[in-house]
Amino acid sequence: MSLPTAMNAVVIEGKEAVVEQNVPLPEYPSNYILVKSMAIGGNPTDWKHIEYGIGPQRSIVGCDVSGEIVSMGKDVDTSKFQIGDYVFSFAHGNCVRKPDNGAFADYVALDSEITFKLPKETKFSNSDTISEGKVSTFEEAASIPLTWFTAGCALFHVMKLEYDVDASTPQHNFPILVWGGGSPLGQAVTQLVKKYHGYSKIIVVASRKHEKQLLEYGADEVFDYHDADVITQIKNKYNNIQHLLDCVSSPDTTLQQVYQCASDTENAIVLNFASQKIDGIKQELRRSNVDVTYAAVYLSLGYDVFIAGMKFPADPLCKKNMIRYTKEINPRLLNGEFHHPPIVVYKNGLKGAVKLTKDIQNGVNAGEKLVAIFN
């Protein structure tokens with residue numbers, strides 16, 4: 001297939017995401033595949049890289065993409081992938097190391113070792129909204145990658161869960177708390193914990209409107225974060241929570257709240273997705289038995305990661321664990337064991353991507369994934 005020498009892409013210009021023409025196609029390592037974009041999904045990290053100056057100017061925005069393989073590096077496993085295959089995965093958009101590669105572009109380079117494969121018959125849904133369910137369209141595939149790899153990194157790399165679908169007893173004989181369970185990330189975490197019998201109970205904090213769906217995904221109890229006494233409610237009923245995930249990860253609010261829900265006596269760990277450590281907890285709240293850690297999904301790509309002036313050294317074990325995770329999760333996404341979140345579809349490709357990025361920043365979505373399509 002003859003490829004163009006330039007493409008259109010969404011880049012950072014000042015504090016805005018703009019569509020730019022005549023952008024060079026990304027260069028990529030020998031284990032990568034080049035994908036022509038079919039659908040692209042938005043994430044909070046996209047607007048944060050823009051608004052907070054994390055991403056370099058002119059770097060390409062976006063992480064989630066589904067599309068067609070148009071070129072492959074020489075070290076890609078040809079028993080798994082061929083040109084013309086449909087796939088979905090994530091790129092590190094607005095990356096300091098690779099500013100020329102992001103998902104909001106006509107062409108995106110993906111690490112083949114952590115890329116999910118789609119069936120040959122995959123098509124567009126041709127719907128403006130899509131209910132939660134199994135992955136069978138390009139839009140649904142684009143709603144998955146960063147969220148589900150983030151969940152997998154947290155549970156199977158940081159928390160070291162096993163892939164034990166046939167367990168008769170939970171891997172941990174204590175509850176897990178999932179704060180922000182209504183978010184796409186919280187929905188993914190809840191499903192994974194349930195499938196692999198991770199904990200004795202799944203305690204979720206979310207808006208009450210998400211309760212029915214979260215119970216279907218496996219939550220044992222849902223607390224409403226709108227309740228002023230939600231922390232007291234949780235502690236009065238569950239004072240033995242040793243693993244707590246903050247799927248919102250607002251350092252000044254939710255992280256402090258989640259920390260307070262930890263067990264008073266047992267050693268506990270609070271995991272967040274904003275690279276916060278114990279010094280991010282207010283001094284008056286800190287307890288010797290409760291620590292704070294984080295999951296850095298971009299380490300799945302196998303390189304040093306530089307974000308906001310911080311260096312996160314390459315973690316080969318994270319990459320290894322996410323390769324295994326890819327193999328384990330891919331068929332379960334396609335057969336409906338795991339469900340994608342509700343989706344709102346934006347038209348006009350990259351222009352749609354610009355709009356959905358701003359809409360996520362403005363809080364338009366609530367438990368939904370915003371996806372833009374190219375057809």
Side-chain angles (χ1 to χ4, degrees), residues 9-12 17 26-29 31-33 35 40-56 59-65 87-105 108-116 142-159 183-185 188-189 245-249 251 271-277 280 292-326 329 357 360:
V10 177
V11 302
I12 297 179
E27 298 180 354
Y28 52 91
N31 65 319
Y32 271 51
I33 52 180
V35 169
I40 46 184
N43 294 279
T45 189
D46 303 330
W47 71 260
K48 290 178 182 179
H49 271 75
I50 300 168
E51 180 67 22
Y52 302 142
I54 300 170
S59 61
I60 299 178
V61 182
C63 299
D64 287 339
V65 64
V87 296
F88 57 118
S89 191
F90 76 95
H92 184 175
N94 300 132
C95 179
V96 172
R97 183 184 61 83
K98 284 287 293 176
D100 67 334
N101 190 44
F104 294 177
V108 186
L110 300 173
D111 184 336
S112 65
E113 295 180 302
I114 55 170
T115 290
F116 297 124
S143 77
I144 290 290
L146 192 68
T147 293
W148 278 79
F149 275 109
T150 299
C153 182
L155 294 173
F156 299 100
H157 177 60
V158 181
M159 294 302 197
S183 68
L185 177 57
V189 167
L245 269 63
D246 179 6
C247 295
V248 180
S249 295
L271 185 147
N272 73 97
F273 301 93
S275 304
Q276 294 292 307
K277 299 181 180 179
V292 175
T293 191
Y294 59 86
V297 67
Y298 297 127
L299 292 175
S300 303
L301 297 169
Y303 299 99
D304 293 345
V305 173
F306 299 88
I307 297 178
M310 297 184 292
K311 177 182 177 179
F312 300 86
D315 185 346
L317 181 58
C318 182
K319 176 69 180 290
K320 179 181 178 181
N321 286 340
M322 290 300 95
I323 292 173
R324 182 183 176 190
Y325 176 78
T326 305
I329 300 302
T357 300
I360 294 172

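All values below were derived from every heavy atom in this structure, side-chain atoms included, with hydrogens, water molecules and symmetry-related copies excluded. Just so we're clear, the structure is a prediction, and the values are computed from it rather than from any experiment.
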Quiz item: Considering the options Ile144, Leu146, Ile40, which one meets the side chain to side chain contact (heavy atoms under 4.5 Å, CB included) requirement together with Asp64?
Solution: Leu146
Quiz prompt | Lys319 side chain vs Ile114 backbone, donor-acceptor pair below 3.5 Å | solution = no
Practice problem: Look up atom CD1 in Ile33 and atom CD in Glu113, then write down how far apart they are to the nearest 0.5 Å. | Solution: 11.0 Å
Quiz item: Just by modelled atom types, is the Val292 backbone N or O under 3.5 Å from a matching donor or acceptor in the Asn272 side chain?
Solution: no
Practice problem: Please name the pair of heavy atoms, one in Cys63 and one in Ala103, separated by the smallest distance, quoted to 0.1 Å. | Solution: C-CB, 3.3 Å
Self-check item: Non-hydrogen side-chain atoms of Asn43 and Ile360 separated by less than 4.5 Å
Solution: no
Quiz item: Any donor and acceptor pair, going by atom type alone, linking the side chain of Asn321 with main-chain N or O of His157 inside 3.5 Å?
Solution: no
Exercise. Tell me, please, whether Tyr303 has Arg97 positioned over its six-membered ring: NZ or CZ under 6.0 Å from the ring centre and within 45 degrees of its axis?
Key: yes
Practice problem: To the nearest 0.5 Å, tell me how far Ser275 OG sits from Phe312 CZ. | Solution: 3.5 Å
Self-check item: Contact check, side chains of Val61 and His49, non-hydrogen atoms, under 4.5 Å
Solution: no
Quiz item: Are side-chain heavy atoms of Leu110 and Tyr28 found at a separation under 4.5 Å?
Solution: no
Self-check item: Distance (rounded to the nearest 0.5 Å) between Ile60 CD1 and Phe104 CZ
Solution: 11.5 Å
Practice problem: Quick one: closest heavy-atom pair of Val87 and Val35, and the distance? | Solution: CG2-CG2, 3.6 Å
Self-check item: Nearest non-hydrogen partners of Ser249 and Ala274, listed with the distance
Solution: O-CB, 3.7 Å
Quiz item: Going by heavy atoms in the side chains, are Asn101 and Val108 under 4.5 Å from each other?
Solution: yes
Practice problem: To the nearest 0.5 Å, tell me how far Leu301 CG sits from Ser89 OG. | Solution: 8.0 Å
Quiz item: Ser300 versus Phe90: any side-chain heavy-atom pair under 4.5 Å?
Solution: yes
Quiz prompt | Flag side-chain contact, heavy atom, 4.5 Å: Ser143 against Pro184 | solution = no
Practice problem: For Asn94 and Ser59, run side chain to side chain donor-acceptor pair (under 3.5 Å): C-alpha distance rounded to whole Å, both residues' side-chain angles, the deciding distance at 0.1 Å, then the answer. | Solution: CA-CA 5 Å; Asn94 300 132; Ser59 61; 3.0 Å; yes
Quiz item: Ion pair present between Asp304 and Lys311, side-chain N to carboxylate O less than 4.0 angstrom?
Solution: yes
Exercise. Provide the closest heavy-atom pair for Ala295 versus Cys153 in the form atom of the first, atom of the second, distance.
Key: CB-SG, 4.2 Å
Practice problem: Can you see which heavy atom on Phe149 is nearest to which on Met322, and at what distance? | Solution: O-SD, 3.9 Å
Quiz item: Do NZ/NE/NH1/NH2 and the carboxylate oxygens of Lys48 and Asp46 come within less than 4.0 Å?
Solution: no
Quiz item: Got more than 12 heavy atoms from elsewhere within 6.0 Å of CD, Glu51?
Solution: yes
Exercise. Measure the CZ-CH2 distance between Phe116 and Trp148 for me, rounded to the nearest 0.5 Å.
Key: 8.5 Å
Quiz item: What distance separates Thr357 OG1 from Ile50 CD1, expressed to the nearest 0.5 Å?
Solution: 5.5 Å
Practice problem: Identify the heavy atoms of Leu299 and Pro313 that sit nearest to each other, and give their distance. | Solution: CD2-O, 3.4 Å
